[in-house]
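Shown next, in structure tokens, is the structure this report addresses.
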Amino acid sequence: MSCALLFVITMMCMNFFRSWWSQVEMGPPDAILGVTEAFKKDTNPKKINLGVGAYRDDNGKPFVLPSVLKAEEQMRAKKLDHEYGPIGGTAEFCKHSITLALGDSNEHVANGLNSTVQGISGTGALRIGGAFLQKFFPGNKTVYLPTPSWGNHTPIFKHSGLDVKQYRYYDPKTCGFDFQGALQDIAKIPEKSVILLHACAHNPTGVDPKPEQWAEISKVIKDKQLFPFFDMAYQGFASGDVSKDAAAVRLFLKDGHQIALAQSFAKNMGLYGERAGAFSLITSSKDDADRTLSQLKIIIRPMYSNPPVHGARIVSEILGDANLKSIWLKDVKEMAERIISMRTMLRDNLAKEGSSRNWQHITDQIGMFCFTGMNPAQVEQLTSKYSVYLTKDGRISIAGVTSQNVGYLAHAMHQVTK
Amino acid sequence: MTSRFSEVTTGPPIEVFALNKAFLDDTNPNKVNLGVGAYRTDDCKPWVLPVVRKTEQAMANNEALNHEYLPVLGLDPFSTAATRMLLGKDNKAIAEGRAFGIQTLSGTGSLRMAAEFLGRILKYKTFYYSVPTWENHHLIFVSAGFTEPKTYRYWKAETRGLDLDGMLEDLRNAPENSVIILHSCAHNPTGVDPTPDQWKQIADVVQEKKLFPLFDCAYQGFASGDLEKDAFAIRYFVERGFELVGCQSFAKNFGLYNERAGNLTVVVNETKVVAPSKSQLTLLVRGMYSNPPNHGASVVSTVLNTPELYEEWKGCIKTMADRIISMRQGLRERLEKLGTPGTWEHITNQIGMFSYTGLNQKHVETLVNEYHIYLLKSGRINMCGLTSKNIDYVANAIFETVSKVGLDSSL
């Protein structure tokens with residue numbers, strides 16, 4: 001066999017064995033998960049993880065809600081099967097979800113104006129919404145996010161095929177709401193665009209508009225004919241009161257907006273890994289609701305066919321049983337109150353440390369997260385010197401604060417900021 | 001009030017769900033559901049596998065368990081066991097660190113993740129699916145950004161078997177980098193699988209034309225009753241050195257339909273591409289649903305990783321596969337005994353849950369409307385819908401229908 005032929009054959013074999021995947025670039029590491037990984041490796045006994053947003057009890061342990069345990073017990077007695085469920089989740093789950101959001105006996109559900117489907121928790125609900133808007137939204141296919149927003153909003157909407165832009169929201173000078181900046185920017189958004197709003201407990205800042213501010217925001221959005229897409233991941237978890245936390249959503253409906261709504265039961269029912277969430281459109285007619293529902297199912301089918309039922313069944317069991325629901329309302333209030341009391345303790349301890357900084361925002365802000373106002377350099381020190389783990393933007397998860405570690409945390413925060 | 005969504009039209013109904021609804025609404029006492037693809041016992045009831053029930057109970061009693069988030073790529077012991085189950089525990093690719101799995105939302109989710117990765121990261125544009133195939137394949141790939149859907153011949157009506165020549169010719173005409181969707185075993189909807197020698201010929205063409213093999217593995221164990229036997233095709237391809245993916249579902253073989261337990265097995269040639277590939281998959285998952293559901297995967301992981309439970313589970317799959325095989329035999333015997341026009345050996349030649357009976361639309365309409373026997377317009381039946389109690393009724397109905405309506409070239 002000639003040398004040339006041998007060479008060609010060798011090259012062909014080498015090409016065959018070289019991988020299809022060699023051009024694949026390493027993706028950027030996830031900032032939040034990176035924090036947890038670093039935390040796990042740290043051997044300092046005083047270490048605190050203020051990274052990932054999952055509730056922890058006062059011993060720093062995951063909390064399975066008593067109402068959830070009871071619901072699971074009741075479910076087991078029913079000996080349910082594992083047959084395929086409907087593409088959009090069960091009608092029961094969907095009804096309970098949207099009713100929780102809009103209130104018992106609300107007219108929208110009563111008149112069949114909602115098209116609601118189960119989503120893979122909040123993320124999945126947002127993605128279904130994004131995909132639906134990309135396909136059917138007759139306006140400007142751009143989603144306007146507050147600055148800052150949950151880091152995953154951008155990839156979710158971009159993967160859905162939408163454009164993503166910003167409007168001012170957080171004011172680093174006050175660690176509070178940039179109300180005027182928000183209004184100005186919202187007024188400049190092109191008509192018929194999509195605007196994403198955090199219903200309560202803004203992630204990552206913890207900064208929520210006051211009721212009278214929501215009323216003005218609603219008005220500007222209406223004037224500009226923008227489409228409000230609410231992300232409600234913390235109903236009940238923010239103030240401890242499910243109605244109070246849904247106030248913005250309910251106000252917008254009262255003001256006549258047709259909205260999209262993504263709900264998550266990850267935090268308020270502690271069902272994180274079971275992926276129970278819902279996506280809804282509140283439309284103007286039953287016919288609209290029926291048609292849009294049929295299209296939502298067509299989006300879901302090529303994604304995963306039908307949703308996981310375990311978590312959704314727990315939600316249905318709780319919300320459909322008066323006794324369980326009342327236990328759940330207590331459970332969620334307990335979680336919210338522990339968070340609120342940790343905020344107070346942290347602020348008090350900082351004062352005790354002698355900090356002269358204004359830490360009022362710690363108790364002004366609400367929900368799981370707090371934008372402390374610390375800069376990256378201070379964050380770095382907090383982690384390397386004190387083994388306190390948080391994201392570079394200065395965000396802490398209050399869920400990671402306990403009565404046992406709050407003193408140490410305050411001390412560490414004071415040291416790096418004084 | 002006018003709506004932004006007034007132009008949104010009603011989407012077309014999905015046949016199999018519409019059929020199921022029609023069956024449920026039917027009040028006729030003799031009705032038979034040969035539509036939706038889920039296992040049924042001889043009493044025509046859903047079957048929660050005893051090993052699954054037992055495992056769920058143990059999980060419930062285990063106070064150490066909670067509902068915390070899984071990692072983005074899912075429960076690692078689950079994926080490790082699932083990949084090992086598919087490729088074999090002594091598989092070279094696994095030993096060399098060239099095979100990995102990520103947890104997905106059952107088989108559909110696995111296919112979608114594979115399609116997203118192949119389409120958006122590797123930028124492949126063309127995909128091939130068999131004629132016929134599971135009706136969701138096309139939409140999954142198009143939704144993931146593939147722009148060139150193409151078909152390869154598969155079902156040969158005259159023989160009620162595989163059109164190998166047609167298939168090979170179509171694959172030979174496929175452009176390089178085309179993703180070829182292959183059914184690992186128990187082809188859906190025909191039940192026709194290539195023989196080992198035919199798989200070899202298919203592999204030759206895939207290699208020659210530099211096509212990318214994607215295996216849809218929804219029925220491992222469920223087809224023949226033997227996990228190793230049902231994995232022959234994909235293991236053969238791995239042995240031959242192909243890079244490929246296997247999209248696994250635990251819906252049927254674990255009876256965990258609504259818990260959405262699935263795995264995407266990826267086999268590569270170089271270990272150094274594993275980390276970048278996983279990181280890109282992580283980003284795709286994060287943007288779609290953040291992390292997968294815990295319950296179903298935990299059940300599967302516990303069973304696959306606990307020797308006694310694993311053996312018990314293998315017994316369960318054999319039970320299901322054996323019942324289906326006996327229904328196939330029973331149906332064929334009765335049809336032949338009745339002297340039903342046409343030939344019926346394909347009923348036992350085919351394998352798995354489904355059979356392409358060769359019945360045409362007119363036959364199907366008659367069966368649905370006159371006999372209240374529900375099957376898809378394509379003539380696909382779900383063997384699991386047959387029981388010792390209804391098999392005579394169904395065989396008679398088919399005999400009467402075919403005799404009455406007559407044959408066409410497909411029978």
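Proteins come first, then strands; the chains are lettered A, B, ... in the order of their sequence lines, and each starts at number 1. Not measured: the values here are computed from a predicted model. Values below: all heavy atoms of this structure, side chains included; hydrogens, waters and symmetry mates excluded.
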| said: What I'd like to find out is whether the side chain of Met288(B) reaches to under 4.5 Å of the side chain of His159(A), using heavy atoms alone. | reply: no
| task | Look at His138(B), Arg120(B), Glu135(B), Lys45(B) and state which one has the largest set of heavy-atom pairs under 4.5 Å with chain A. | result | Glu135(B)
| task | Mind ranking Arg286(B), His137(B), Arg53(B), Gln280(B) by heavy-atom pairs under 4.5 Å with chain A and telling me who comes out on top? | result | Arg286(B)
| Side-chain (Glu68(B)) to main-chain (Gly273(A)) donor-acceptor, under 3.5 angstrom | no
| query | Side chain, backbone, both or neither: which part of Ile121(B) has an atom under 4.5 Å from a heavy atom of chain A? | reply | side chain
| Parallel, tilted or perpendicular: ring planes of Tyr272(A) versus Tyr69(B), cut at 30 and 60 degrees | perpendicular
| task | Have a look at Pro302(A) and tell me which of Leu111(B), Thr108(B), Leu139(B) forms a side-chain contact (heavy atoms from CB on, under 4.5 Å) with it. | result | Leu139(B)
| task | Please report the C-alpha distance between Arg301(A) and Ile140(B) in whole Å, then the side-chain angles of each, then the deciding distance to 0.1 Å, and finally whether the side chain to side chain contact (heavy atoms under 4.5 Å, CB included) criterion is met. | result | CA-CA 8 Å; Arg301(A) 175 83 167 138; Ile140(B) 291 171; over 6 Å; no
| request: May I ask you to name which of Leu69(A), Ile87(A), Leu281(A), Asp287(A) has the most heavy-atom pairs under 4.5 Å with chain B? | output: Ile87(A)
| task | Could you check which of Ser106(B), Ala144(B), Ala60(B), Gly145(B) has the highest count of heavy-atom pairs closer than 4.5 Å to chain A? | result | Ala60(B)
| query | Atom CZ of Arg127(A) and atom OG of Ser290(B): how far apart are they, to the nearest 0.5 Å? | reply | 11.0 Å
| said: Please classify the contact of Arg76(A) with chain B as side chain, backbone, both or neither, using a heavy-atom distance under 4.5 Å. | reply: side chain
| field | Part of Phe227(A) within contact of chain B (heavy atom distance under 4.5 Å) | value | both
| From Thr9(B) OG1 over to Phe136(A) CZ, what is the distance, rounded to the nearest 0.5 angstrom? | 6.5 Å
| request: Identify which part of Pro292(B) has an atom lying under 4.5 Å from any heavy atom of chain A, answering side chain, backbone, both or neither. | output: backbone
| request: Go through Gly287(B), Gly296(B), Ser279(B) and name the one with the most non-hydrogen pairs under 4.5 angstrom from chain A. | output: Gly287(B)
| said: Between Lys79(A) and Glu56(B), does any NZ, NE, NH1 or NH2 come within less than 4.0 Å of an OD or OE carboxylate oxygen? | reply: no
| task | Sort out for me which of Lys297(A), Met269(A), His153(A), Glu72(A) touches chain B most, counting heavy-atom pairs under 4.5 Å. | result | Glu72(A)
| Region of Pro307(A) in contact with chain B, defined by heavy-atom distances below 4.5 Å | backbone
| query | Measuring heavy-atom distances to chain B, does Arg291(A) have an atom under 4.5 Å in its side chain, in its backbone, in both, or in neither? | reply | both
| message | Rounded at 0.5 Å granularity, tell me how far CZ in Arg275(A) sits from CG in Leu105(B). | response | 9.0 Å
| remark: CZ of Arg260(B) to CD1 of Ile120(A), rounded to nearest 0.5 Å, is 8.5 Å
| request: Give, as side chain, backbone, both or neither, the part of Val142(B) having an atom under 4.5 angstrom from any heavy atom of chain A. | output: neither
| task | Can you establish whether the number of heavy atoms outside Lys192(A) located under 6.0 Å from its atom NZ is more than 12? | result | no
| query | Among Leu283(B), Val274(B), Asn20(B), Val52(B), which has the most heavy-atom pairs under 4.5 Å with chain A? | reply | Leu283(B)
| query | Using non-hydrogen atoms only, which part of Ser121(A) is less than 4.5 Å away from chain B: side chain, backbone, both, or neither? | reply | neither
| query | Side chain, backbone, both or neither: which part of Ser143(B) has an atom under 4.5 Å from a heavy atom of chain A? | reply | side chain
| remark: Checked Gly255(B), Gly37(B), Pro293(B), Gly109(B) vs chain A; the most non-hydrogen pairs under 4.5 Å come from Pro293(B)
| query | Given a strict heavy-atom distance threshold of 4.5 Å, which part of Lys61(A) is in contact with chain B: side chain, backbone, both, or neither? | reply | neither
| request: State whether Arg40(B) and Glu83(A) are salt-bridged, where the test is any N-O pair (Lys NZ or Arg NE/NH1/NH2 against Asp/Glu carboxylate O) under 4.0 Å. | output: yes
| task | Evaluate the side chain to side chain contact (heavy atoms under 4.5 Å, CB included) criterion for residues Arg313(A) and His295(B): first the C-alpha distance (whole Å), next the side-chain angles of each, then the deciding distance (0.1 Å), finally the verdict. | result | CA-CA 12 Å; Arg313(A) 278 178 168 167; His295(B) 189 78; over 6 Å; no
| note | Turns out that what part of Leu80(A) lies under 4.5 Å from chain B's heavy atoms comes down to backbone
| Crowding at NZ, Lys135(A) (>12 non-hydrogen neighbours, <6.0 Å) | yes
| field | Interface moiety of Ala251(B) toward chain A, non-hydrogen atoms closer than 4.5 Å | value | side chain
| Taking Val64(A), Asn152(A), Thr154(A), Ile156(A) one by one, which has the highest count of heavy-atom pairs under 4.5 Å against chain B? | Asn152(A)
| task | First locate atom CE of Met303(A), then atom CG of Asn136(B), and finally report the distance between them rounded to the nearest 0.5 Å. | result | 12.0 Å
| said: If you count every heavy atom of other residues, nucleotides or ligands that lies below 6.0 Å from Glu63(B) atom CD, does the total exceed 12? | reply: no
| Roughly how far, to the nearest 0.5 Å, is the CG atom of Asp81(A) from the OH atom of Tyr257(B)? | 10.0 Å
| query | Is it the side chain or the backbone of Phe254(B) that comes within 4.5 Å of chain A heavy atoms, both, or neither? | reply | neither
| task | Between chain B and each of Phe137(A), Tyr84(A), Tyr304(A), Phe63(A), count heavy-atom pairs under 4.5 Å; write down the option with the most. | result | Tyr84(A)
| query | Lys252(B) versus chain A, heavy atoms under 4.5 Å apart: side chain, backbone, both or neither? | reply | side chain
